[in-house]
Each structure stands twice: as structure tokens, then as C-alpha cells.
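Residues: numbered from 1 along the sequence shown.
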Amino acid sequence: DQVEGEKEFLLARIQKRQDNAATHAFDTFFAKLYGSHPYGLPTLGTRESIPRIDTAAIVAWYRRFYRPERMVLAVSGEVPAAEVMAEARRLFRPMRATGEAPNDAVPPVRPPRASRTVIAQAAQQTQIVTGDLAPRVSDRDYAPVQVLRTVLGGGLAGRLFVELRDKQALAYTVSAFFEPTRGPGSFLVYMGAAPANGRRAEQALMKELERIRTTRISDEELRRAKAYLLGIFAMDRRTNARQAWYLAFYEIEGVGQKFPDQYRQAVETVTPADVLRVARAYLSAPTTVVLRPR
């Protein structure tokens with residue numbers, strides 16, 4: 001009964017995402033970008049997959065993937081470490097490691113070709129999502145791409161906000177996102193515009209992406225981007241809870257607990273030439289999705 005109730009809830013959420021213009025645009029973008037790779041699948045499932053899931057499938061999946069050798073436990077709080085370890089042993093002792101190597105093989109991501117998809121849907125705004133594949137956390141280009149993202153979408157001082165919203169008044173909102181993962185990540189720009197400005201907004205956005213691919217940023221712009229990026233990184237790690245989260249995340253990503261210091265050093269060494277290089281590498285054949293009102 002619990003499974004059937006959850007399936008009904010998920011199907012309702014899937015429909016809600018479909019009806020929401022922004023989430024529909026993002027889901028379509030990732031499906032186009034990643035193709036048959038699992039990263040292209042919606043995390044809620046699909047109308048076709050949800051009905052096929054039953055109790056036996058859930059239990060089998062749990063036993064296959066939720067194993068001690070695959071888990072990382074992060075704890076934060078005023079608690080004695082010895083008590084935490086004792087409780088963890090009590091709770092997780094029944095879980096036995098199988099000794100088998102995890103079978104996580106997935107199909108490789110095929111480099112996407114530049115494409116543009118237009119969706120007509122009931123909506124208040126024109127939604128524009130464009131981007132490309134990006135490096136993993138462990139790749140050498142991780143820090144330069146983070147700087148690139150900050151140059152384009154680093155708060156109110158980012159290029160896209162200043163040029164497209166403040167100066168040209170073409171966007172309600174505009175942001176750049178870099179989602180690194182264990183596999184190929186994604187670098188994308190999102191823009192919401194008035195329907196009457198949709199075509200001009202898309203053209204202006206593509207012009208800014210062309211500019212970042214062809215012209216080196218200034219030393220001053222690079223300095224501001226680094227300061228903003230490292231400042232946000234430091235602020236996000238102020239609490240013990242967030243530090244525990246990051247330590248677990250870096251462990252899962254396979255980069256180790258010394259990664260924060262290595263990352264800061266890598267950001268400091270990024271040059272204007274590095275930003276130009278990664279802009280050309282990861283924004284050369286963008287996948288674009290435009291969702292506009294009917």
C-alpha cells in the first residue's frame with residue numbers, strides 16, 4: 001500500500017514538473033544533452049517507468065546498491081565521537097559487505113551536436129536554457145570552469161546580469177550553472193524573458209556566449225570573479241554541518257579530504273587564457289531549449 005501511494009504521488013509530481021515552464025525546459029535540456037545516458041533521465045522517473053516499479057523491485061535495488069562499501073556517513077554536532085561510532089556499528093552491523101566490486105557501468109556520453117529545440121506551452125515567460133557538457137570535480141578544468149561560470153553568472157556583477165538585465169532590460173532573470181558530478185557534468189545558462197522579447201533575448205544571450213569564447217577577459221574581471229567565487233565557497237563552509245557535508249561529498253567524488261585547499265590553489269592560478277580555453281572547449285556546440293507561450 002505504501003508503494004502504490006508513493007507511485008501516485010510521484011506521478012502527480014511528474015505532471016506538475018511538466019506543467020511548470022521552467023522545470024519542463026530544464027528536463028528537456030538534460031534529456032537532449034545526455035541522450036541515453038542516465039544523467040538524461042528525470043530523477044522522479046517517467047509516466048512509463050513508475051507503474052512498473054513494485055515492492056520486489058525496490059527491495060532488490062536496495063540490496064544491490066545500499067551496501068557498506070558504497071556508503072559514507074557524515075556526522076556533525078556536539079556528540080562524542082566514540083558514541084557516534086558505537087551507534088553506527090549498532091545500526092549498520094547487520095549490513096554485510098559483499099566483497100563484490102560495484103557494477104555501475106553506464107554507457108558513455110556521446111558528445112552532443114549543437115541543437116535547438118522549441119517547445120510551445122502555456123507559460124508567462126519565455127524560458128531559454130543553453131549549455132554543453134562540462135568536466136567532473138576531479139578534472140583539471142574544474143577550477144577554470146568555475147571561474148568561467150562566475151564571470152558569466154556571478155551574482156549581480158556577472159556579465160549576463162549586467163548586460164542582459166541591467167543594460168538591455170531583456171531578462172527577468174539570468175544565471176549560469178555548473179553541475180559537476182562523477183561523470184560528465186553540465187555547464188548551462190538559464191534566462192527568463194518576456195515573450196515579446198524572447199527572440200531578442202536569445203540573440204543577445206548567444207552574442208554574450210560568443211564574446212566569452214572569442215575575447216579574453218580582463219585581469220580586473222578575473223580578480224573580481226576569483227574573489228567572489230572563493231568568498232562564496234568560504235561562506236558556505238562556515239558551519240560544522242556544511243563542512244561535514246563537503247567532506248562526505250568529496251569522499252564520494254573520489255577527490256579526498258584535502259580537496260578544499262587544492263581547489264583554492266587551483267582557482268588562484270587560473271588565468272584569462274584558461275577562461276578563454278574552457279569557454280571554447282565547453283561552450284562550442286551548445287544544446288539549446290526554448291520554451292515559449294503558445
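A 4.5 Å side-chain heavy-atom check between Val147 and Val267 finds at least one atom pair inside the cut-off. In this structure, the side chains of Ser138 and Phe259 stay at 4.5 Å or more apart for every pair of heavy atoms. Looking only at side-chain heavy atoms (C-beta outward), Glu208 and Leu160 come within less than 4.5 Å of each other. Side-chain contact between Trp245 and Ser76: absent, with no pair of heavy atoms (C-beta onward) separated by less than 4.5 Å. For the pair Tyr246/Asp236, a side-chain contact is recorded, criterion being any heavy-atom separation below 4.5 Å from C-beta on. Counting heavy atoms from C-beta on, the side chains of Val255 and Gln262 never come closer than 4.5 Å. Side-chain contact between Arg200 and Gln168 is absent, with no heavy atoms from C-beta onward closer than 4.5 Å.
Closest heavy-atom contact between Val151 and Glu221: CG1-OE2, 3.6 Å. Across all non-hydrogen atoms, the minimal contact from Val270 to Leu222 is O-CD2, 3.5 Å. The two residues Tyr282 and Asp132 have their closest heavy-atom pair at O-CB, 2.8 Å. Minimum heavy-atom separation, Ile50 to Gly45: CD1-CA, 4.3 Å. Of all non-hydrogen atoms in Ile212 and Arg159, the two that sit nearest each other are CD1-NH1, 3.4 Å. Met191 and Leu170 make their closest contact through CE-O, 3.8 Å (heavy atoms, listed as atom of the first residue, atom of the second, distance).
Counting non-hydrogen atoms of neighbouring residues, nucleotides and ligands closer than 6.0 angstrom, the CZ atom of Arg216 reaches no more than 12 such neighbours. Applying the 6.0 Å contact sphere to NZ of Lys7 captures more than 12 heavy atoms from other residues, nucleotides or ligands. In the displayed structure, Arg47 atom CZ is contacted under 6.0 Å by more than 12 heavy atoms of other residues, nucleotides or ligands. By the neighbour-count criterion of 12 heavy atoms within 6.0 Å, atom CZ of Arg63 is sparsely surrounded, having that number or fewer from other residues, nucleotides or ligands. Taking a 6.0 Å sphere around CZ of Arg292, one finds it holds 12 or fewer heavy atoms contributed by other residues, nucleotides or ligands. Residue Phe249 qualifies as enclosed at atom CZ: its count of foreign heavy atoms under 6.0 Å is above 12. Taking a 6.0 Å sphere around CD of Gln15, one finds it holds more than 12 heavy atoms contributed by other residues, nucleotides or ligands.
Of the possible polar contacts, one joining the Tyr39 side chain to the Gly183 backbone as a donor-acceptor pair under 3.5 Å is found. Listed for the Asp139 side chain is no donor-acceptor partner under 3.5 Å among the backbone atoms of Tyr142. Not a single donor-acceptor pair under 3.5 Å links the side chain of Glu179 to the backbone N or O of Gly185. Although no hydrogens or angles enter the test, the distance criterion places a donor-acceptor pair under 3.5 Å between the side chain of Arg280 and the main chain of Arg213. Distance alone, capped at 3.5 Å, is enough to place a donor-acceptor pair between the Arg238 side chain and the Met235 backbone.
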Side chain to side chain contact (heavy atoms under 4.5 Å, CB included) evaluation trace for Arg13 with Arg17: CA-CA 6 Å; Arg13 288 188 63 192; Arg17 284 191 69 86; 5.8 Å; no
Pair Ser186-Tyr34, side chain to side chain contact (heavy atoms under 4.5 Å, CB included): steps then yes or no: CA-CA 9 Å; Ser186 61; Tyr34 285 107; 3.6 Å; yes
Asp19 vs His24, side chain to side chain contact (heavy atoms under 4.5 Å, CB included): CA-CA, chis, key distance, verdict: CA-CA 7 Å; Asp19 294 339; His24 187 191; over 6 Å; no
Check against side chain to side chain contact (heavy atoms under 4.5 Å, CB included), Gln121 and Gln127: CA-CA 10 Å; Gln121 176 176 320; Gln127 314 284 333; over 6 Å; no
Candidate pair Arg116 and Glu202, rule salt bridge (Lys or Arg N to Asp or Glu O under 4.0 Å), full reasoning: CA-CA 11 Å; Arg116 182 175 182 270; Glu202 184 182 353; 2.7 Å; yes
Full working for salt bridge (Lys or Arg N to Asp or Glu O under 4.0 Å) between Asp261 and Lys258: CA-CA 6 Å; Asp261 291 335; Lys258 295 181 179 180; over 6 Å; no
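Taking CD of Glu210 as the reference point, atom CD of Gln203 lies at 14.0 Å (rounded to 0.5 Å). Rounded to the nearest 0.5 angstrom, Glu251 CD and Gln257 CD are separated by 6.0 Å. Atoms CD and CG, from Glu6 and Leu11 in turn, are 10.5 Å apart once rounded to the nearest 0.5 Å. The line from CG of Leu164 to CG of Asn197 is 11.5 Å long, rounded to the nearest 0.5 Å. Summarising the geometry, atom CG belonging to Leu33 is positioned 8.5 Å from atom OG belonging to Ser115; distances are rounded to the nearest 0.5 Å. From Leu229, atom CG reaches atom CZ of Arg224 across 14.0 Å, with rounding to the nearest 0.5 Å.
Taking the six-membered ring for Trp and thresholds of 30 and 60 degrees, Tyr263 and Phe233 have ring planes more than 60 degrees apart, a perpendicular arrangement. Relative orientation of the Tyr190 and Phe26 rings is tilted, given thresholds of 30° and 60° on the angle between their planes.
Phe30 and Ile119 fall within a single hydrophobic cluster, where Ile, Leu, Val, Met, Phe, Trp and Tyr are joined by side-chain heavy atoms under 4.5 Å apart, directly or via other members. A single hydrophobic cluster is seen to contain both Val3 and Ile14, as judged by linkage of ILVMFWY side chains at heavy-atom distances under 4.5 Å, directly or through other members. By the criterion of side-chain heavy atoms lying less than 4.5 angstrom apart, applied directly or through intervening Ile, Leu, Val, Met, Phe, Trp or Tyr residues, Tyr172 is not grouped with Leu291; the two fall into different hydrophobic clusters. Taken together through direct or relayed side-chain contacts under 4.5 Å among Ile, Leu, Val, Met, Phe, Trp and Tyr, Leu41 and Ile58 form parts of separate hydrophobic clusters. The cluster map of Ile, Leu, Val, Met, Phe, Trp and Tyr, joined by side-chain heavy atoms under 4.5 Å apart, puts Val278 and Val137 in the same cluster.
Of the N and O atoms on the side chains of Arg149 and Gln146, at least one donor lies less than 3.5 Å from an acceptor on the other residue.
Comment: Glu163 does not engage Lys207 in a salt bridge, judged by the lack of any side-chain N to carboxylate O separation of less than 4.0 angstrom. Ion pair Arg264/Glu268 not flagged as a salt bridge, since none of the NZ, NE, NH1 or NH2 atoms sits closer than 4.0 Å to an Asp/Glu carboxylate oxygen.
The only member of Thr287, Leu188, Leu205, Leu283 that meets side chain to side chain contact (heavy atoms under 4.5 Å, CB included) when paired with Thr130 is Leu205.
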Would you be so kind as to tabulate the donor-acceptor pairs closer than 3.5 Å made by side chains of residues 82-92, with sequence neighbours excluded?
{"unit_1": "Glu87", "atom_1": "OE1", "unit_2": "Arg90", "atom_2": "NE", "d": "3.3"}
{"unit_1": "Glu87", "atom_1": "OE2", "unit_2": "Arg90", "atom_2": "NH2", "d": "2.7"}

